Each structure stands twice: as C-alpha cells, then as structure tokens.
Novice: 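Below is one structure. I have some questions about it.
Numbers here are sequence positions counted from 1. All values derive from a computational prediction rather than experimental measurement.
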Amino acid sequence: MIFSQSNHYMINTDTELLGRVFSQLEGKGYCNLKDIEARINDLKISSFTDLINYISGPECNGDLAVALEEMLDRLRLTEPKREEILTSSREVGQYLSNKLVGHKQEEFWVLYIDNGNHIVAEKRISQGTLDRSFVHPRDVFRWGVLFNCSAMIAVHNHPSGRLWPSESDFQITKNLQENAKMMKINFLDHFIVGKGKYLSMKEEEIF
C-alpha cells in the first residue's frame, strides 16, 4: 500500500490555509488575537500538546478541527525525519511506533485516507489508563465522515511493550470492521505499538 501525506484537502497556498483558519475562528466570534488568547486561557491550553489534544478531542468544532489539522499537518511535514510517502505495512508500523513511543497511557489513533491514498488526517480518538483505552465506533467514524475518507488504519499503544492483542482489542477490531462495511469505508489494518515495536493485525492474519 502507498500512502502519500501531502496536498491534504488540496489547499493551494499557506496564505489560503491561514485565511481558512481565521475565517473559522471569526465565525465562532473570535475576531482578534485578544479574543483568541482569552479562549485559549479559558480552555487552559498552555502548550502545543494541549492544543493538539483539544483539536483531536470531541469539543473542537468539526470544520475548525479540519482546518487546524491541515495546518498542523504542514508543520509535521517540515520535520525531516517524517516520510512523505508510506509504501508498506512495515513503514506504517515504524512510523506509528515512533509516533507513540514513550506514551505512558494507552491512546487510540486513526489514520484517515482518501481515494488517492493520501493520509488526510491523524486523529487521537481516545486516551485511557495505563493498560486500557475506551473507543466507540461513532467517534471513529464521525471523523471519517468529516474527512470524507475512503479508508482508515487504527492504531493503539501498549505502554508495557506487550504487543499481542487483548480480548478487548479483538472486539474493538471486529466492531470497527463491521461498521466500516456499513459505512463503505475500507478498514485496512489495526496496529498495536509499544516500546518502539509494532504488530500489524493484518500481517498476522488475526482479523
């Protein structure tokens, strides 16, 4: 499989993208930087990590989340270690294991992919405890609809480093498969990562 991580939503210029973000903010009543600063303080956002967590969460408006996700993705693409094209399960697994390395709690993420095999978004769906994350299919497919994706890849981390899926992991995978069929979205794989390593449930032929 070949997934390109460029040209998200085909926005032509950085200026156009910034204009889209500011337009969304203005539509929500934030007309100047002081308004935005006040809102950031209200949300208790004090770091970029807090900002990303807010964008990835259910409280952020869908249209604004899409625009901010695009802007953040362009920032991600400036990182020299990030591959622009992921051509195999091995590359996807390595990218995801690096992405979640060192995270102390279980997190469930989904990569959303369009008809051209571009990864249009990476969304954290939930954050759980040291050994469990809670995922509902509606939260996964809500973003699938917003991004108009044709395929998706799920991933969650096991902070312990034990990669074999639990019974709940199998159940989550089964539920996502069933819902993906109804939504006409191709559910490509479910990766489990931990301590820099990964397991592809598709490669292991266990889903």
Side-chain angles (χ1 to χ4, degrees), residues 2-86 92 95-96 98-100 102-103 105 107-127 133 135-156 183 185:
I2 300 176
F3 302 135
S4 170
Q5 295 175 292
S6 60
N7 298 323
H8 292 197
Y9 279 83
M10 303 302 293
I11 294 175
N12 294 323
T13 68
D14 291 343
T15 301
E16 186 178 24
L17 174 59
L18 288 171
R20 182 180 174 188
V21 171
F22 290 135
S23 176
Q24 291 289 336
L25 290 171
E26 187 175 3
K28 300 300 176 185
Y30 310 118
C31 300
N32 54 56
L33 292 178
K34 287 186 177 180
D35 292 339
I36 295 173
E37 182 181 6
R39 178 58 174 164
I40 288 173
N41 290 333
D42 289 343
L43 292 170
K44 297 182 179 179
I45 294 175
S46 59
S47 67
F48 284 111
T49 298
D50 292 340
L51 177 62
I52 292 171
N53 289 342
Y54 172 70
I55 294 169
S56 301
E59 294 181 11
C60 187
N61 171 268
D63 291 337
L64 179 60
V66 169
L68 289 173
E69 178 68 33
E70 169 64 22
M71 187 170 68
L72 290 174
D73 185 71
R74 292 197 180 192
L75 293 175
R76 293 188 190 107
L77 288 175
T78 65
E79 185 178 326
K81 293 183 180 180
R82 181 184 173 94
E83 295 291 337
E84 291 190 2
I85 298 176
L86 302 176
V92 174
Y95 169 69
L96 293 173
N98 289 336
K99 181 182 182 69
L100 296 178
H103 289 218
Q105 295 174 301
E107 297 181 11
F108 195 96
W109 287 72
V110 177
L111 306 186
Y112 295 97
I113 301 159
D114 68 10
N115 285 323
N117 284 337
H118 300 92
I119 297 178
V120 296
E122 305 171 15
K123 300 297 295 183
R124 189 183 72 175
I125 305 301
S126 69
Q127 182 178 36
S133 62
V135 181
H136 195 287
R138 68 168 173 263
D139 298 320
V140 173
F141 290 98
R142 167 192 175 221
W143 292 108
V145 171
L146 281 171
F147 291 118
N148 195 29
C149 75
S150 62
M152 63 176 62
I153 295 173
V155 56
H156 76 280
M183 298 290 293
I185 294 175

Novice: Which heavy-atom pair separates Y112 from I125 by the least distance, and what is that distance?
Specialist: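 Distance-wise, the nearest heavy atoms are OH-CD1, 3.6 Å.
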Novice: For a side chain to side chain contact (heavy atoms under 4.5 Å, CB included) check, start with the C-alpha distance between V92 and I153, then their side-chain angles and the critical distance, and finish with the verdict.
Specialist: CA-CA 9 Å; V92 174; I153 295 173; 4.3 Å; yes
Novice: Take Y30 and E37, measure what side chain to side chain donor-acceptor pair (under 3.5 Å) needs, and give me the verdict at the end.
Specialist: CA-CA 9 Å; Y30 310 118; E37 182 181 6; over 6 Å; no
Novice: Does the side chain of P58 reach to within under 4.5 Å of the side chain of R142, using non-hydrogen atoms?
Specialist: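 Counting from C-beta outward, P58 and R142 do come under 4.5 Å.
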Novice: Working to the nearest 0.5 angstrom, can you tell me the gap between D35 CG and L25 CG?
Specialist: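 Rounded to the nearest 0.5 Å, the CG-CG separation comes to 10.0 Å.
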Novice: Is there a donor-acceptor contact under 3.5 Å from the side chain of H136 to the main chain of R138?
Specialist: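 Yes; judged by distance alone, with no hydrogens or angles, the pair exists.
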Novice: For the pair V145 and M183, evaluate side chain to side chain contact (heavy atoms under 4.5 Å, CB included) and give the outcome as yes or no after the intermediate values.
Specialist: CA-CA 9 Å; V145 171; M183 298 290 293; 3.5 Å; yes
Novice: How long is the straight-line distance from CD1 of I36 back to CD of E26, given to the nearest 0.5 Å?
Specialist: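 Going from the CD atom of E26 to the CD1 atom of I36 covers 10.0 Å.
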Novice: Applying side chain to side chain contact (heavy atoms under 4.5 Å, CB included) to M152 and F147, what does each step give before you reach the verdict?
Specialist: CA-CA 11 Å; M152 63 176 62; F147 291 118; over 6 Å; no
Novice: Between atom CG of D50 and atom CD1 of I40, what is the distance when rounded to the nearest 0.5 Å?
Specialist: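 Those atoms lie 10.5 Å apart.
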Novice: Once rounded to the nearest 0.5 Å, what's the spacing between atom CG of N53 and atom CD1 of I45?
Specialist: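 Spacing of CG (N53) from CD1 (I45) equals 9.0 Å.
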Novice: What are the two closest non-hydrogen atoms of L100 and W109, and how far apart are they?
Specialist: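 Looks like CD2-NE1, 3.5 Å.
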Novice: Less than 4.5 Å apart, any side-chain heavy atom of I113 and any of C149?
Specialist: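 Not in contact.
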Novice: Decide yes or no on side chain to side chain contact (heavy atoms under 4.5 Å, CB included) for L111 and L96, but give the supporting numbers first.
Specialist: CA-CA 10 Å; L111 306 186; L96 293 173; 4.1 Å; yes
Novice: To the nearest 0.5 Å, how far apart are CG in N148 and CG in N115?
Specialist: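 The distance works out to 7.5 Å.
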Novice: Assign the ring pair F108 / H156 to parallel, tilted or perpendicular, where the plane angle (0 to 90°) is split at 30° and 60°.
Specialist: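 Parallel, since the angle between the ring planes stays under 30°.
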Novice: So does I55 get a backbone contact from the side chain of K123, meaning a donor-acceptor N/O pair under 3.5 Å?
Specialist: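 Such a contact is found between K123 side chain and I55 backbone.
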